[in-house]
> 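Before we start, here is the structure in question, set down as structure tokens.
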Amino acid sequence: MNRSSSRFGLSLLEVLLALSILGIATGILASIMHQASDNGLKARRMTQAQMICEGKMAEAISGAIPLQPTQWTPSTSADGSTWYYALELVPAEIPNMVGIGINVTDEIGMSESSRPLSRLVQWIIDPNLGLDTKPATDPNATSTSAAGTGSSSSTGAAK
């Protein structure tokens, strides 16, 4: 009987080699999971910044925020975290247009050289032109038109 054919177990060298391969694979997977979780948190933070940026832009366009350049102003989000936004007016090459720039970050000591998490620029017609107000109408013209319509209806009903 051959000695190598009667062997039933694994040698110590084979066990150590399998354990080292398992240890290296576990370390690599742990590193990948850590990096994936960090990237997920960064993506969530950037998404929140973009949503706050869009909300502040809507407030600026609607007039809830005055269209004046501001420094970093604190704003509380729905989840209670504090964010900071800055509004700037961007010069336009097209006449009667104005650009509104909103920058958003969650860093309290944002310097001029730092990049914000989110930036949004939107071009709108200059609100100082007064194009968003209705033109004044003559009240007599409106009442005459309404009176004519009323008498026409009543005449039609009488026939």
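Keep in mind that what you see is a predicted model, and the values were worked out from it rather than measured.
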> Just how far is it from atom CE of Met57 to atom OG of Ser118, taken to the nearest 0.5 Å?
9.5 Å
> Less than 4.5 Å apart, side chain to side chain, heavy atoms only: is that true for Lys56 and Ser75?
yes
> Measuring only between side-chain heavy atoms, which start at C-beta, is Glu88 closer than 4.5 Å to Asn103?
yes
> Calculate, to the nearest 0.5 Å, the distance between atoms OG1 and CD1 belonging to Thr26 and Ile21 respectively.
11.5 Å
> If you take all heavy atoms of Leu89 and Pro69, which pair is closest and at what distance?
CD1-CD, 4.1 Å
> Less than 4.5 Å apart, any side-chain heavy atom of Val104 and any of Pro116?
no
> Which residue is it: Val121, Ile65, Ile61? I am looking for the one with a side chain to side chain contact (heavy atoms under 4.5 Å, CB included) to Ile100.
Ile61
> Could you see if Ile102 belongs to whatever hydrophobic cluster contains Met51? Use Ile, Leu, Val, Met, Phe, Trp, Tyr and a side-chain cutoff under 4.5 Å.
no
> Check the pair Val15 / Leu10 against side-chain contact (heavy atoms from CB on, under 4.5 Å), numbers first and verdict last.
CA-CA 7 Å; Val15 170; Leu10 298 174; 4.1 Å; yes
> Tell me whether Ile52 shares a hydrophobic cluster with Leu120, the cluster being built from Ile, Leu, Val, Met, Phe, Trp, Tyr side chains joined at under 4.5 Å.
yes
> Kindly compute the distance separating CD1 (Ile124) from CG (Asn96), expressed to the nearest 0.5 Å.
12.0 Å
> Output yes when a side-chain donor or acceptor of Ser31 lies under 3.5 Å from a complementary backbone atom of Gly27, and no otherwise.
no
> For Met97 versus Ala92, what's the shortest heavy-atom pair and its separation?
O-CB, 3.4 Å
> What's the spacing between Leu13 CG and Ser11 OG if we round to 0.5 Å?
5.0 Å
> Report yes or no: does Thr73 contribute a side-chain atom to a donor-acceptor pair with the main-chain N or O of Gln71 at less than 3.5 Å?
yes
> Would you find a donor on one side and an acceptor on the other, under 3.5 Å apart, between the side chain of Thr70 and the backbone of Leu87?
yes
> In the single-linkage hydrophobic clustering (I, L, V, M, F, W, Y; side-chain heavy atoms under 4.5 Å), do Ile94 and Val90 co-cluster?
yes
> Hey, does the side chain of Thr47 reach the backbone of Ala43 with a donor-acceptor pair shorter than 3.5 angstrom?
yes
> Got Trp83 and Gln48 here, is their nearest side-chain heavy-atom distance under 4.5 Å?
yes
> Should the heavy atoms of other residues, nucleotides or ligands under 6.0 Å from CD1 of Ile125 be counted, would the total exceed 12?
no
> Quick one: do Thr105 and Trp72 satisfy side-chain contact (heavy atoms from CB on, under 4.5 Å)? Show the steps, please.
CA-CA 9 Å; Thr105 187; Trp72 294 106; 3.8 Å; yes
> Do any N or O atoms from the side chain of Gln35 and from the backbone of Ile32 form a donor-acceptor pair under 3.5 angstrom?
no
